[in-house]
Amino acid sequence: MNGFEDDKKPKCDGDEYVKPGPKDLQVQLVISLSLGVSAFLAFCILRRRWKSLYAARKRHAEIELPHLPDTLFGWMPALYRITEHQVLACAGLDAYVFLTFFKMSLQLFAVMFFCAAVVLEPINRHFDPGHKRNDTNLSELSLLREYAPYSDYQKVNLFGNAGENSGDDHGGDDESFNKNMSYLWSYLVFTYVFTGLTLFMLNRYTLKVIGIRQNYLGTQSTITDRTFRLSGIPENLRTENAIKTLVEKLEIGKVESVTLCRNWKEIDELLEQRTAILAKLEETWSVYISQKPKLPVGTQANGDGTASGAPEVRSDEEAGESERLLRGGHDMQIDRPRPQARLWYGFLRMQSRKIDGLDYYTERLRLLDEKIIAARKKTYEPANIAFVTMDSIAACQMAIQALIDPGPGQLLTKPAPAPSDVVWRNTYKPWWRRRFQSWTVTIFISILSIIWVGPVAALASTTICTIKAIMPALAETLKDHEIIRSLIQTGIPTLVVSLLNVAVPYLYDFLSEHQGMISRGDVALSVISKNFFFTFFNIFLIFTVFGAAVAGIQETFRKSLTDSTYIAYTIATKIEELTSFYSCFIMLQGLGLFPFRLLQFGSISLYPINRMGAKTPRDFSQIMQPSMFYYGFYLPTALLVFILCLVYSVLPDGYQVLGLGVVYFVFGYFTYKYQLLYAMDQPQHATGGAWRMICYRVILGLVVFQVTMSGYLALKSAFTVAVLVTPLVIGTVWYSWNFKWQFEPLTKFISLVSIKRGEDEVNEVAILDDEREGGYEEDVDQRSLRRRGSTTVDEAREKGLRFVNPSLVVPLEQPWIYQDPPPPFTEESDSLEFAIGGSEGEYSYGAGPSIRSRRDETRVEGITTRPPGPGSGAASSNSSSSISLGDTHIWRQ
């Protein structure tokens, strides 16, 4: 059945979508290689020139990264030689877990690819040689290659022979023991083999991750490891002394400090207002300084741009006072128009007038500083959450892993996030409000997932058949251009789906930020879960189960409700049709988009836009910061590719998908390895919590794989073989339950025997390993590498931190006007005055009632200028960046 030849059909059926053509893979391969090779070569060239972008983490003095050569391709062998323990030491536990998943997938699918290519594919070619033909005498059937609707499979035998309508039975007699169908038993065997291999690899790497995690967290000493979060605190215990007394009565250890969360909404809002006013003030100053100065009265400009009647002035900013003395006291007063700010007032703020912008924002900033200083001295109403820091990691873990109070919902303990990961605005919100926010976002995402069905289905219906129904002339034109037809049928849907995978995570990240979670690590894990749900539900289930045509979605829902086996049979029916589409999808992701991620194409594309919008030195400093690596943006797509490789592993042409999966995970491993080590920072720390999410989704993929194979075998009328897949589903569900009770606690907590207290760690662990059955074994060199004298990434990140709301203690930032950042404003300073060096003089902001302005020698509230003293206003000679607001110029070394 062809979209061009079937003229009797007035419109397309819902099941005719994303039809593979003979040129689809070739066209997609050319597109992917063109994109990937060009992006990779651009990265190799730019990596040596833009080190501030591609080696941004080298700025961290506390991290000793392995050296990469500056040659065009010499960095690749050096990156390959970087060991897992170097990744752990330089990038942290989350990066190690993330890369371990790619390494496990690479090894797993390499073995599967060998089995599928060497054993299964020859069997398919020998016993089922027609599975690739489209010219057989199957005008009504087409055997999973011509996309017959579900109802046709109930009327026709799937092997080309006429059959009778069996009503609700999905096939005729049992063909399991038919000699011609004996090859289907090999499908059953390899379904068991691949399931067992996947569980073996998953179990092996889980033990390895747990062993690394326990040793890593048990040997470091951070305030996070010694702190637990206490929630559900009764009102009679909402004081620091009462909480300390309660915990110490448990006799698990001594309490070092208690941070009781309070209703800091007032001071948090004041800090937010100050940040906005500070940005306005800096922007106003940048406008003022960048304006062309007016010449003094009675002075005319010469042809060379200098003023007649005025002595020649050197442009050396470091001349200082001596330059003015050499000029004989002729200090030319250069005037500039001062920026104006519009002030709204009156009834409904409908009246306005313009005032001096510098004076207005400076005064507002001064008043806010006074309010913040006063607010920091207030006592606020306590909340029901506290962070309790113990004197040892063992005491903290005993508190976390125990029940403290018999009352439901009272005195609940959980591991504390890092101080920098705490979302303080959610700590003082009532529990019911946080729960309401969580459920609201969850319901909204569920509704949004249903809404996504329409666009995704419309995207999937981009076929020649639908084009012929809408634009017959274009369809006739495409009939003679096979490459363009393949591009439209498969290339465009694949590209748009890939772009959706890039764009949708930003929306879900925004929603997760407003879900009321206490830590950013929990937000990161929530983003992984939400984005995986989108990729799995919309990109896999919608394409596979619900068909493509929007009109057929309602019918699909109706059939799935009336027939419990409809979903399984539909997946089995459609999955082979989509081999070309998913192959193109994996090919584009692996060969085409990974080099663009390595190039950081998004950051490069947005830099000119951010550069044009930057006005102040703070803006320029922010756009030069390293990009952030968010696991929730990248891990869900990798999990979807993992599931696709599992599902297609035994099916005909499965070796093709597995081979592309191996390429995907190879490119992904080295791309993310480079970014996590050298180019991008991680904004949160989840202590490897993503591994348990990975495991559960791998188990989900196994169940989908087994259900698909059972339905596929049933469609082949091999009912006995199909039923024999059922024990695998039961065993996989049992493994999931076993994982929850045996492995999951070790991915959340630290075992007490893993906590080292200063004794000979190597000998102690060796003794414990001898007594333990199984588990991850490591040599003394690896163990000593993690127990080196230098600090870990987490220890360096949390050095000097404590659990306190930053709004209470953070130094108030001063306006950043010139190149060098100003010193912070502190409450202990007597005059509340600071200086900002620059070529225009030294500006001071303070609390004095009146300050002189060098511009016109008049009194201006909050601003004064003085001639620059020695050492002020000059940029350091070894500065790594240079910013000039006068000509809005910025460059990097």
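This is a predicted model, so every value here is computed, not measured. Only heavy atoms go into these numbers, but all of them, side chains included; no hydrogens, no water, no symmetry mates. Numbers for residues simply follow the sequence, beginning at 1.
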Inset, instruction - For the pair Phe98 and Phe629, evaluate ring-ring contact (aromatic ring centres under 6.0 Å, His included) and give the outcome as yes or no after the intermediate values. - result: CA-CA 11 Å; Phe98 183 75; Phe629 190 95; 5.5 Å; yes
Inset, instruction - Can you label the angle between the Phe594 ring and the Tyr664 ring as parallel, tilted or perpendicular, going by 30° and 60°? - result: tilted
Inset, instruction - Walk me through it: do Ile385 and Ile233 pass the test side-chain contact (heavy atoms from CB on, under 4.5 Å)? - result: CA-CA 6 Å; Ile385 296 178; Ile233 303 175; 5.7 Å; no
Inset, instruction - Measure the OG1-CG distance between Thr440 and Leu511 for me, rounded to the nearest 0.5 Å. - result: 11.0 Å
Inset, instruction - Only counting residues at least two apart or in another chain, list the ones meeting ring pair (Phe, Tyr, Trp, His ring centres under 6.0 Å) with Phe739. - result: Tyr696, Phe743
Inset, instruction - Can you see which heavy atom on Leu812 is nearest to which on Arg376, and at what distance? - result: CD2-NH2, 3.7 Å
Inset, instruction - Give a yes or no on whether a salt bridge exists between Arg57 and Asp681, defined as a side-chain N under 4.0 angstrom from a carboxylate O. - result: yes
Inset, instruction - For Phe532, check ring pair (Phe, Tyr, Trp, His ring centres under 6.0 Å) against everything at least two apart and list the hits. - result: Phe536
Inset, instruction - Verify whether one side chain among Thr227 and Thr224 offers a donor that lies under 3.5 Å from an acceptor in the other. - result: no
Legend entry - Gap between atom OG1 of Thr747 and atom CE of Met693 - 0.5 Å precision: 11.0 Å
Inset, instruction - Assess whether side-chain contact (heavy atoms from CB on, under 4.5 Å) is satisfied between Gln214 and Leu746, documenting all intermediate values. - result: CA-CA 8 Å; Gln214 295 293 320; Leu746 294 172; 4.2 Å; yes
Inset, instruction - Check step by step if side-chain hydrogen bond (donor to acceptor under 3.5 Å, both in side chains) holds for Gln220 and Asp225. - result: CA-CA 8 Å; Gln220 70 176 6; Asp225 298 325; 3.1 Å; yes
Inset, instruction - Decide yes or no on side-chain contact (heavy atoms from CB on, under 4.5 Å) for Arg597 and Gln675, but give the supporting numbers first. - result: CA-CA 9 Å; Arg597 289 175 181 169; Gln675 290 186 332; 4.2 Å; yes
Inset, instruction - For the pair Glu84 and Lys103, find out whether any cationic side-chain nitrogen is under 4.0 Å from an anionic carboxylate oxygen. - result: yes
Legend entry - Minimum heavy-atom distance between Arg274 and Ile372, given as atom pair plus value: CD-CD1, 3.6 Å
Legend entry - Parallel, tilted or perpendicular: ring planes of Tyr634 versus Tyr672, cut at 30 and 60 degrees: tilted
Legend entry - Ile252 side, atom CD1; Asp391 side, atom CG - distance, nearest 0.5 Å: 9.5 Å
Inset, instruction - Would you check if the side chain of Asn531 reaches a backbone N or O of Gly632 as a donor-acceptor pair within less than 3.5 Å? - result: yes
Legend entry - Worked verdict on Arg520 versus Glu513 for salt bridge (Lys or Arg N to Asp or Glu O under 4.0 Å): CA-CA 8 Å; Arg520 292 181 176 86; Glu513 290 284 349; 5.5 Å; no
Inset, instruction - With rounding to the nearest 0.5 Å, note down the distance linking CG in Asn805 to OG1 in Thr427. - result: 6.5 Å
Inset, instruction - Any side chain to side chain donor-acceptor pair (under 3.5 Å) involving residues 393-418? Give me the pairs, sequence neighbours left out, ordered by first then second residue. - result: Gln397-Gln401
Legend entry - side chain to side chain donor-acceptor pair (under 3.5 Å) partners of residues 232-251, not counting sequence neighbours, each pair once: Glu240-Arg262
Inset, instruction - Report yes if some heavy atom in the side chain of Cys90 is under 4.5 Å from a heavy atom in the side chain of Leu676; otherwise report no. - result: no
Legend entry - Stepwise ring-ring contact (aromatic ring centres under 6.0 Å, His included) check, Phe387 with Phe803: CA-CA 7 Å; Phe387 296 98; Phe803 284 90; 5.0 Å; yes
Legend entry - Residue list, side-chain contact (heavy atoms from CB on, under 4.5 Å) with Pro821, at least two apart or on another chain: Trp816
Legend entry - Steps toward side-chain hydrogen bond (donor to acceptor under 3.5 Å, both in side chains) verdict (Ser519, Asp522): CA-CA 5 Å; Ser519 72; Asp522 293 339; 3.0 Å; yes
Inset, instruction - Could you walk me through whether Leu639 and Phe101 pass the side-chain contact (heavy atoms from CB on, under 4.5 Å) test, one step at a time? - result: CA-CA 9 Å; Leu639 289 169; Phe101 168 67; 3.6 Å; yes
Legend entry - Pair Gln682-Tyr631, side-chain donor/acceptor within less than 3.5 Å: yes
Inset, instruction - Drop me the distance from Leu88's CG to Thr83's OG1, to the nearest 0.5 angstrom. - result: 9.5 Å
Legend entry - Whether Phe633 and Tyr506 hold their rings parallel, tilted or perpendicular, with breakpoints at 30° and 60°: perpendicular
Would you list the atom pairs, donor with acceptor, under 3.5 Å between side chains in residues 197-207 and any protein atom, with sequence neighbours excluded?
unit_1, atom_1, unit_2, atom_2, d
Thr198, OG1, Phe194, O, 2.7
Asn203, OD1, Tyr735, OH, 3.4
Tyr205, OH, Gln107, OE1, 2.6
Tyr205, OH, Gln107, NE2, 3.1
Thr206, OG1, Leu202, O, 2.6
Thr206, OG1, Trp691, NE1, 3.1

Legend entry - ring-ring contact (aromatic ring centres under 6.0 Å, His included) between Tyr678 and Tyr54, worked out: CA-CA 7 Å; Tyr678 294 95; Tyr54 296 116; over 10 Å; no
Legend entry - side-chain hydrogen bond (donor to acceptor under 3.5 Å, both in side chains) evaluation trace for Ser420 with Glu798: CA-CA 8 Å; Ser420 58; Glu798 299 180 20; over 6 Å; no
Inset, instruction - Enter the distance from Phe642:CZ to Ser105:OG here, rounded to the nearest 0.5 Å. - result: 5.0 Å
Inset, instruction - Answer whether the closest heavy-atom distance between the side chains of Trp431 and Arg434 falls below 4.5 Å. - result: yes
Inset, instruction - State whether a side-chain donor-acceptor pair under 3.5 Å links Asp268 with Ser807. - result: yes
Inset, instruction - List the steps and the verdict of salt bridge (Lys or Arg N to Asp or Glu O under 4.0 Å) for Lys378 and Glu266. - result: CA-CA 10 Å; Lys378 292 182 179 179; Glu266 176 187 352; 2.9 Å; yes
Inset, instruction - Assess the side chains of Lys530 and Ser526: does a donor N or O sit below 3.5 Å from an acceptor N or O? - result: yes
